[in-house]
Amino acid sequence: MSARPPEIITLAIDGKEVAVPKGTLIIRAAEQLGIEIPRFCDHPLLDPVGACRQCYVEVEGQRKLMTSCTTPVAPGMVVRTQNTSEQAREAQEAVLEFLLLNHPLDCPICDRGGECPLQDQALAFGPGESRYVEPKRTFEKPIALSPLVALDRERCVLCARCTRFCDQISGDRFIELFDRGAAEQVSIAPGEDFRSPFSGNTIQICPVGALTAVPYRFVARPFDLKTADTVCPHCASGCNLRVDLRRGEVVRHLARDSYEVNDAWLCDKGRFAFRFADAPTRLTHPLLRDPGLEPASFGEVFARVGTWLEDGPGRVAFLTGGRLMDEDYYALSKLARTVFRTNDLDHRRYRSGDVPEAVERAAAASVTITYRDVERAGAILVVGLDAEQELPILHLRIRKAARRGAAVFVLNARRTRLHDVAEHVLCPPGAEAGFLERIAGARGEGDAFGRARAALEAAGEGAVVLAGPRLAEAAGGVGRAASLAAGVGGRFAFLARRANDRGALRAGVHPGLLPGGRRVADAGERAEVERAWGLPEGSLPDGPGRDGAAILEAAARREIDVLFLVGVDPLRDFPDAALARRALENVPHKVVQDISSDAMAIYADALLPAAAYLEKDGHYSDWEGRGQRLRPVRAAPGIARPDWEIFAGLARALGGELGFDSLDSLHEEMGELLGPREVDWRPSGRSSAGPALGETGEDLVLFTYPLLVDEGRLSWGAAELKEALEEPVTLEVHPEDAERLGLEDGGRARVASLAGEATLPVRITSTVARGSAFVPFNNPGLAANTLLSGRFHVPVSVAPAGGEGEAEARGVEEVAS
Amino acid sequence: MSVLTPELRRESEEIAARYPTRRSALMPLLYLVQSAEGWVSREGLQEVADVLGITTAEVEAVATFYTMFRLEPAGRYVVSICTNLSCALRGGKALYERAHELMGPGAEQVTEDGMLTLHEEECLGACDAAPLVQVNFANYDRVTEEGLAELIEALRRGDPPPPSRGEHPGDLKATSRLLAGLGPEGASE
Ligand code: SF4
Ligand code: SF4
Ligand code: FES
Ligand code: FES
């Protein structure tokens, strides 16, 4: 879709000329001149409504004052704001006086006090004193709209920002304006919670203290807070956020406006899961096993690691999570290859074998698609992704695109919350390639495949195919998705899920890729890295490394001597709990480097304390590959430090040298290798279509993925969030399968795979694909990876079980013992 | 115990299918519920939400905005008396108070005989006929106090006099059914 440049219109505001695109609202045009018109209901990301009347201006030639937030500019228009029009000023004063008629004198006990648009604008534009003496409207206060959001109705100015957000942005219309006239109020329907993973945004855009955050109520005053701008540590959406600290403790996350990334929004996890960095399990000092875990210095730990390697570099491997900084991953990538001379390092937890190299290399080398491309797309195909749960802000962008007219299709094993704006094709997990093939091969058929194909084709370069990380597990899936995008001349993204998975890939925390997507297997590309690192040609290890799953397998087979676990808990994160346990039991030396110790402490031979996101200076790369700066707001506890510093120290202690001792020198070196490079993401040749899911001999294919709010470590302490949004574990089964297997809705089923078995409450729903069943990955009562053996889907036998109640699970090993 | 019986569910689907977007059937479906219950209960709101695939909050926002929907049990005839400016100037407020006396206790909810509900209404857009009284949406123009007393008597007998224009008002259930877009006998057009 080629955008025609919009017509430009010139007008005068307060005697100053301004030129803006046709359709611009007066209030926006005034902003461009630096003229502030007071407002309550206006919000640049919501449709204009003209509810509060605060933004009156005089427009020459109009008999009445106009609301500048609803009136588009016209050529030659002459506008006078409160600065130059007495009439506008008086009207604004009058409106403010009206708005304050029913507003309580609550400021001293209101969370918003000190950062309240009503306070600020009443001071700046109000009459100063009220003439009103009659009783004010009162309500029971506050009412809980959800465990996260409280409403003090008497403070509400009925601007409808909150309700418009839920209508136009999230689509979760659980709050509405009820009643009319003097009785009008924001409300939920009794018995229906404000159950939206975006609910917190309404609090932030409420221009008064009517909506407040339960976790922040009465916690702090703005002048108490220490604040820094940083990036959300939770997912790869890359939301720009502000962290607020009171007496050194995190008390709040707020969204920062960033129209390139998160617009002005956060999901509720990013907003409310902020206590984990203050957990009592935070590591503050290194610990060494002796035989209990005893405090030690970094030097002592490094020396101990040295003794484990006395007979040469040994068999060392590295597993990481997805939430270190670019700088950390880069240092690790260099450490593993130059000091330990190994390519056994990985950050991925999805079985990687089937992702075309071109796709990963391109993602590591440059930015090929952005939020903006999604927003402006003509057609979007989402494959193997539950965007609301996995990349919430990307989900909002897809919704925004749909509102702008994009045709959206979702190919997934489970219906997603895009269901009201997208056509869904439910596809059994693992069989995506065959379905993609059908879309690619469709020629004018009137079914969903035909419609998807036609829409993508019509959109051309405005076609976008978004592939979730799980698609890596479907034979041929990622390749098919990329070919489909390439075939119509559109764009493609193989998405990252965790906050800096993409940075790990860029840095080469990957068995086959060096920094910048350079191939281990390519002598020329290896040499580029060797030159940058000042190494003699041929000195980097050139044998293919092991991926995450292979590292665990090798560890379980006692082929690894030292395993570094950096910001990862394989017992919980990997789709094979039994393998992870065997690996941990069979590796003689385990170094755990993390912000807190948790479950890994019993396995660790050494624990190294790392700084958390709010204590670090560096970058995250979001799913687009956009690098964004994190700024520290406090010092790390004890002697914890950023991961890259630990890696540099370890290298030095082992007689190596990473070559940087400051962030500046590190950045300089990274700049050399990580600058954007041209790599074509289009898979060459035809990737093999995956086999259609044949007879597995089992009843169903069980699939799972982590939901947004779960028992993950980063949700530690987020009790209100969990109460509001965490789903209980149920086995979701299609009605036809339920009938065949004799399952009842609300009854229980015994699910058994080769890895383990569980008894789970059943929910019958046509929102999962026939032949498959869904459980959340890590919700209370079931660690789903005890049922998995290496992939996030697994064949299971399913039979009705008696009794009722919550989930129970056992691994096979436990069953046997 | 659902409000919408299988037959009414079928009719809901029929109504919803008349609109390019299902959500547009919201008001007709609220009338349909009112035609079944004689008012719109909380269950009724939830079932409308269910049929349309929207939230109960959306349904309730509409139902609480429009005064045509009775959210508490109502009599067979809702007597709405306008007390806005034009009508007030022509005695609307006095009429309303008189109606209160005539209907007796519970007038604003349901009269003891279950026949009537009194409702103080905002401008009905018929100011030229002030003071205006509506019975189940049928207008009675320029009503006097005597006229009001006769009207109420007739309604108590279940025998409304002809309105100033249009059809005799049916009882609330029948009228709501018409407004749902369904014929009196359940015929679909
Ligand atoms: S609660 Fe806040 S955002 Fe919602 S209508 Fe009231 S003032 Fe506006
Ligand atoms: S969408 Fe992702 S990055 Fe944004 S606030 Fe939520 S968890 Fe954080
Ligand atoms: S800001 Fe313009 S009417 Fe509210
Ligand atoms: S004021 Fe009564 S109908 Fe208009």
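Remember, it's a predicted structure, so these values are computed and weren't measured experimentally. Below, chain A is the first sequence line, B the second, and so on; all start at residue 1.
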Query raised in the report: Can any side-chain N or O of A/Arg173 pair as donor or acceptor with the backbone N or O of B/Thr55 at less than 3.5 Å?
Result: no
Please indicate whether [X] has more than 12 foreign heavy atoms, meaning atoms of other residues, nucleotides or ligands, lying under 6.0 Å from its [atom1].
X: A/Glu739; atom1: CD; value: no
X: B/Glu72; atom1: CD; value: no
X: A/Phe98; atom1: CZ; value: no
X: B/Glu97; atom1: CD; value: yes

Query raised in the report: What residue, out of B/Arg42, B/Glu122, B/Gln46, has the most heavy-atom pairs lying under 4.5 Å from chain A?
Result: B/Arg42
Requested in this report: To the nearest 0.5 Å, tell me how far B/Thr64 OG1 sits from A/Glu176 CD.
Outcome: 9.0 Å
Report task. To the nearest 0.5 angstrom, please state how far the CD1 atom of A/Ile188 sits from the CD atom of B/Glu60. Result -> 10.0 Å
Requested in this report: For A/Leu177 and B/Ala61, work out which heavy atoms get closest and say how close.
Outcome: O-CB, 3.4 Å
Report summary line: In short, B/Ala57 meets A/Glu192 closest at the heavy-atom pair N-OE1, 3.0 Å
Query raised in the report: side chain to side chain contact (heavy atoms under 4.5 Å, CB included) between A/Arg180 and B/Thr67: does it pass, once the steps are laid out?
Result: CA-CA 10 Å; A/Arg180 62 178 351 188; B/Thr67 54; 3.4 Å; yes
